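Here is the structure we will look at, set down as structure tokens.
All values derive from a computational prediction rather than experimental measurement. Only this structure's heavy atoms are used, side chains among them; waters, hydrogens and symmetry mates stay out. Every chain is numbered from 1 and lettered A, B, ... according to where its sequence line falls, protein lines coming before strand lines.
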Amino acid sequence: MNILANNFSIKLFVVFGVLTTLMVTLINVEGREPINDEDYSLDNDYYDQSYNLKIYDPYENFNRKVYKFNKIVDKYIIMPPAAMYSVIVPNSAKKGVNSFVSNLREPLNVIYGVIQLKPNVSFNSFFRFFINSTFGILGIFDVAELMGLKKSNRSFGDVLKYYGAKQGPYIILPILGSSNFRDGFGKVIDIGGDPINFVKFKNDKKFLRVYYGTSLIVEREKFIGTDKTLSEISLDEYAALRNFYYQKLNGENNYE
Amino acid sequence: MNNIIKLTKRVFISFALVVMIYPLSIAEEKQKLIGFVNDTAKQVISVIESTNTNSQKEQELQDIFCNSVDIDWMAKFALGRYYKEISQQQLDEYLTAYKNFLINTYVSKFSEYNGVNFDIESVKYISNSQYIVSTKILNKKYTSKYISIAYRIKMMNNNFLIRDIIAEDISLILGQRADFSSIISKEGIEALIQKLGEKLNKE
């Protein structure tokens, strides 16, 4: 906790977080309800009328350009090392890398838990971080999970949602992909608030570059195959992906 | 008065019968459905593991696919509201193109099922003789994580037909409808039919 108390940047981050949350709650990001552009009236026999997929994409033209850009960046810059990582590194080691990276994020979960007034989230993440960093050897092994402390990653988007911010329009973020205004903004805060930025390495730009590069590649590796399937099964990849994104976002079991 | 009592009795008895028989028949159908899913999976695996030539295998897998998937229904669903606007001739063309597209995309995926662990997790009745069968699939070759794949299955004339594949809570046909609608709204139905055809030639 000493680091927390002494570090001005963390304080600044927390204050910034609370302020934006309040701001977003007050102005409510976007006044309009997302439109429902799906028509399920073909036959009442299936896909119940109650199924409401709210897709709101007013910046489609722009998004499509970013999508194209991302595909090129992915093909030439991100995918080659990710494919190598996928082939060379055995599954068990990948698991270790994943646990290590996600352990470093636990302090952020503690803070988000506090902002959301959810002490159980904070305690869960606090103990996970403590146990995994020590007994789990710097977080390489997720020992806490075995002890019943389940991983639950929070994002700043969740915080905004908790305080009533609406999703806002669909956006394709450069490199990071599908999102919406709320969660996209949250993602920026997540990256900026990553504890790695504040502790010890905060002035080591080279280290930070390697860290972010590695996280990106690790994250990308998880989706190898999925992107190929997407382009195989769809005619308009952008539209199909957008629909999949909203299906996932709108939660489970909506199709029933 | 007697009549009323008789009538009440009858209503009561028939109600009780309906209540008793209804869940029974669903339970029975559920058992049949589990049989259907297991049989289909077994058929697919036996074809993949057989010593036939690849083209023979593909033909057999295609037959299994066409017999167990409600392709026409899926095609119409994927059209969404444009189904009402399409002419008969276009519809015929579209149905053929869609069928080829679906077979081409999914039958080749079957070979990936070689050596997977596969468990039926649950069978849920929804409505109108439709069920959702949830399965967990593990392909040890690629990952150590289970993937959840559910099938929406309709019972028709004592036959089961798959109408949707829901992978990790993402419905295939909802995605397809969005995909196709995007193309129809921008370029028209002819363009959709053409693109379905082009997709075949590419692979």
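At least one donor-acceptor pair under 3.5 Å links the side chain of B:K199 to the backbone N or O of A:S234.
When all heavy atoms of B:A178 and A:A239 are compared, the pair lying nearest together is O-CB, 4.0 Å. Scanning both residues, B:E168 and A:K248, for their nearest heavy atoms gives O-NZ, 2.8 Å. Across all non-hydrogen atoms, the minimal contact from A:I233 to B:D179 is O-OD2, 4.2 Å.
At most 12 heavy atoms of other shown residues, nucleotides or ligands fall within 6.0 angstrom of atom CD in B:E58. Heavy atoms from other residues, nucleotides or ligands lying under 6.0 Å from CD of B:E85 number more than 12. No more than 12 heavy-atom neighbours from other residues, nucleotides or ligands sit within 6.0 angstrom of NZ on A:K161. Annotation: B:Y82, atom OH; neighbour count of heavy atoms from other residues, nucleotides and ligands within 6.0 Å is above 12.
Between B:L174 and A:F244, the closest side-chain pair of non-hydrogen atoms is not below 4.5 Å.
Distance check: B:I173 CD1 to A:N243 CG gives 11.0 Å after rounding to the nearest 0.5 Å. To the nearest 0.5 Å, the span separating CG on A:L235 from CD on B:Q194 amounts to 11.5 Å.
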Name the atoms and distances for all side-chain donor-acceptor pairs under 3.5 Å in residues 68-76 of chain A, with sequence neighbours left out.
| unit_1 | atom_1 | unit_2 | atom_2 | d |
| --- | --- | --- | --- | --- |
| A:N70 | OD1 | A:I175 | N | 2.7 |
| A:N70 | ND2 | A:L173 | O | 2.9 |
| A:K71 | NZ | A:E237 | OE1 | 2.7 |
| A:K71 | NZ | A:E237 | OE2 | 3.4 |
| A:D74 | OD1 | A:R220 | NE | 2.6 |
| A:D74 | OD2 | A:R220 | NH2 | 3.1 |

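Screening residues 143-154 of chain A for side chain to side chain donor-acceptor pair (under 3.5 Å) gives A:N109-A:N153 as the qualifying pairs, with residues at least two apart or on separate chains.
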